[in-house]
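Each chain gets a letter, A, B and so on, in the order its sequence line appears, and its residues count up from 1. Because the structure is predicted, anything quoted here is derived from the model rather than measured.
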Amino acid sequence: MDELKDFIRHRREKAAELRSAGINPYANSFRAEHSAAQIAERFAGSTREQIEACTDVFSLAGRVVSLRSFGKAAFVHLQDRSGRLQAYIQKNEIGEESFAVFKKVDIGDFIGVRGRAFLTKSDELTVLASQVCLLTKSLRPLPEKWHGLQDVETRYRQRYLDLIANENVRRTFHARSRIITLIRRFLEEHGFQEVETPMMHPIPGGATAQPFKTHHNALDMDLYMRIAPELYLKRLLVGGLERVFEINRNFRNEGISTQHNPEFTMVEFYQAYATHEDLMGLTETMISGICAEVCGSTTVDYQGTAIDFAAPWQRLSMKEAAARFGNFDPADLENPEKLRSHAAAVGLPLCGRETPGELIAAIFEHVAEPYLVQPTFITHFPVEVSPLARRSEHDPSVTDRFELYIAGREIANAFSELNDPLDQRERFEAQAAAKDRIEGVTGAIDEDFLLALEYGMPPAAGEGIGIDRLVMLLTDAASIRDVILFPLMR
RNA sequence: GAGCCGCUAGCUCAGUCGGUAGAGCAACGGACUUUUAAUCCGUAGGUCGACGGUUCGAGCCCGUCGCGGCUCACCA
């Protein structure tokens with residue numbers, strides 16, 4: 001860059017002038033003892049007289065986000081981690097020299113302020129500065145104060161600007177943090193132990209999705225970024241860790257959309273001696289509790305629709321849901337010809353080799369999923385689309401599995417775990433064959449996982465919850481990118 | 001990967017029928033010691049996403065490409 005923009009040149013010049021006057025424009029000597037919110041909290045409900053009678057001196061540091069300068073005085077708003085607070089800087093309060101330094105402060109700079117509190121004429125709590133320190137000179141102008149930063153691409157690529165300019169974005173990511181904390185707390189209180197399992201897998205498993213491939217040079221070994229932690233968490237059940245959970249990233253080499261980011265966060269948890277029925281209750285309790293705590297209510301507005309998280313939630317079998325929303329006789333789903341004709345009628349592309357269970361699942365996803373707005377557990381998943389779930393003891397064609405749908409989206413997936421090593425091997429082989437049949441790709445079988453099962457895995461149930469999607473629901477975010485700090489950009 | 005929409009000053013946005021590139025905020029100079037989208041006077045700031053074409057003349061019309069958003073497909 002041979003020609004600097006005026007605003008950058010001006011700010012560099014100011015920084016240089018300060019340096020030559022013996023002022024470090026990147027000082028780190030100021031210790032803020034209070035946050036904006038703490039000071040506001042201190043005087044919440046106080047009268048003007050009470051505030052002005054208080055002789056406490058507060059120290060506050062933050063970014064200057066607005067500046068209204070008069071000849072020998074100025075008002076600034078400082079923004080810190082907790083919010084904003086106004087400071088009033090007067091020449092005769094801080095002295096001539098200090099005021100000369102302050103005159104070189106721009107919007108965007110970090111400053112520290114020390115002083116007593118007062119109420120302005122318009123009743124705004126303000127710190128009357130007795131001392132002002134420049135802490136960091138900003139060389140670039142911030143986005144505009146009134147409209148903030150709107151450009152979606154800039155918001156994602158330069159998230160720091162989005163966070164500075166848009167308070168609702170700060171709120172969203174604060175909510176995300178709280179949601180994860182509450183999930184962790186809930187599971188720990190229920191006796192679950194947090195673990196970390198490999199992110200790089202020799203054989204990708206635990207879900208059906210395209211993996212990212214990578215390579216370890218020293219071992220000359222191909223590896224895959226994990227698509228799910230499931231098979232490792234179950235090895236821990238074999239190892240006797242009866243209740244485990246992991247909150248971490250999964251990576252799927254698939255399309256990107258408002259619901260899909262290539263890396264996304266899931267919580268997966270496994271509980272020995274529990275069934276998928278137990279997990280439905282656990283899930284209702286956990287999510288409705290988190291909703292109440294984060295949103296202050298179990299009813300939230302999501303993109304203009306009210307969603308009620310109060311338990312209990314509706315439960316429907318997949319066949320019931322498919323027949324109800326597809327408007328046909330449930331008995332048709334038991335008849336292979338009628339099933340296939342319904343699938344064709346709703347516009348599904350068919351190759352002619354789909355099994356009945358695959359057709360039921362495809363019809364369900366097509367006709368019912370978008371209409372499952374209120375929290376709904378869908379149960380009785382066909383065995384063909386559930387390679388890791390335990391077969392139902394009442395109907396061998398389905399599994400003891402549920403998925404949770406909210407706002408037309410899959411939020412959680414859970415099942416009583418298949419722990420019969422021979423059945424598991426058959427399912428893996430069927431799955432590999434299906435992959436070969438439909439995609440012409442040979443699926444690898446995780447022999448090490450089957451070996452673990454042969455030692456005996458206690459009966460258990462496991463569940464995965466998509467954290468990003470849950471956060472979207474609880475923060476009214478339209479796109480998954482609005483709840484991921486740095487979404488993948490081309 | 002396909003379809004639709006968008007890209008103009010640091011930011012937010014106008015730009016008429018193809019005829020000299022505009023505003024607000026921010027910036028710069030000046031005035032101003034209770035403002036809060038401060039106010040007042042003055043100044044500066046542009047590869048109109050990129051390249052090519054049509055035209056006497058293109059921000060505007062046409063084509064190719066880039067980046068982004070939404071929808072669809074694969075997936076959670």
Pick from A:Q131, A:R116, A:H34: which one makes a side-chain contact (heavy atoms from CB on, under 4.5 Å) with A:V57? A:R116
Under 4.0 Å, counting only non-hydrogen atoms across every strand here, what does A:F118 touch: a base, just sugar-phosphate, or nothing? base
When only distance counts, do a donor and an acceptor, one from the side chain of A:N92 and one from the base of B:U33, lie under 3.5 Å apart? yes
Salt bridge flag under 4.0 Å for residues A:R170 and A:D162: no
Just checking A:S69: base, sugar-phosphate only, or nothing, at a heavy-atom cut-off of under 4.0 Å? base
Out of B:A44, B:A76, B:C70, whichever nucleotide has its closest atom nearest the side chain of A:D6: B:A44
Nearest heavy-atom contact between A:T258 and A:A478 is CB-O, 3.9 Å
Classify A:D123 by what it touches in the nucleic acid, base, sugar-phosphate, or nothing, heavy-atom distance under 4.0 Å. nothing
Proximal nucleotide (of B:A76, B:A26, B:U35) relative to the A:I107 side chain: B:A26
Polar side-chain contact A:Q86-B:U35 base: donor and acceptor under 3.5 Å: yes
Hey, is the side chain of A:Q150 pairing donor to acceptor with the base of B:U12 inside 3.5 Å? no
Please classify the nucleic acid contact of A:Q259 as base, sugar-phosphate, or nothing, using heavy-atom distances under 4.0 Å. base
Over all strands shown, is A:M489 touching base, sugar-phosphate only, or nothing at heavy-atom distances under 4.0 angstrom? sugar-phosphate
Can you figure out which of B:U12, B:U33, B:A44 approaches the side chain of A:K72 most closely? B:U33
Ignoring backbone atoms, test whether A:K145 places a side-chain nitrogen or oxygen under 4.0 Å from the OP1 or OP2 oxygen of B:C11. no
Regarding A:R252, tell me which of base, sugar-phosphate or nothing describes its non-hydrogen contacts under 4.0 Å with the strands shown. base
Side-chain contact check for A:Y88: nearest option of B:A76, B:U33, B:U12 is B:U33
With the criterion set at under 5.5 Å between ring centres and under 30 degrees between planes, would B:A27 be stacked on A:F7? no
Which part of the nucleic acid, if any, lies within contact of A:R11, taking any heavy atom under 4.0 Å across all strands shown: a base, the sugar-phosphate backbone alone, or nothing? nothing
Is there a side-chain polar atom (N or O) of A:R490 under 4.0 Å from OP1 or OP2 of B:G66? no
Side chain of A:E124, heavy atoms from C-beta onward: which of B:U12, B:C28, B:U35 has the nearest atom to it? B:U35
Reckon A:G464 touches a base, only the sugar-phosphate, or nothing at all at heavy-atom distances under 4.0 Å? nothing
Using a heavy-atom cut-off of under 4.0 Å over every strand shown, decide if A:R157 touches base, sugar-phosphate, or nothing. sugar-phosphate
Base, sugar-phosphate alone, or nothing: which one does A:S257 contact when heavy atoms must sit under 4.0 Å apart? nothing
For the side chain of A:D151, starting at C-beta, report the closest nucleotide among B:C67, B:A27, B:U12. B:U12
G-U wobble or Watson-Crick pairing nucleotide for B:G63 (cut-off 3.5 Å, both distances): B:C51
Give one of base, sugar-phosphate or nothing for A:S66, where a contact means two heavy atoms less than 4.0 Å apart. nothing
B:G68 -> Watson-Crick or G-U wobble partner, both distances under 3.5 Å, gives B:C5
Please tell me if A:R140 has a side-chain N or O lying less than 4.0 Å from either OP1 or OP2 of B:G10. no
Gap in Å between the two C1' atoms, one belonging to B:U54 and one to B:U43, rounded: 40 Å
A:F70 stacking on B:U33: centroids under 5.5 Å, ring planes under 30°? no
Side chain of A:T208 - closest among B:G24, B:A76, B:C28: B:A76
When all nucleic acid strands are considered with a 4.0 Å heavy-atom cut-off, which category describes A:G255: base, sugar-phosphate, or nothing? base
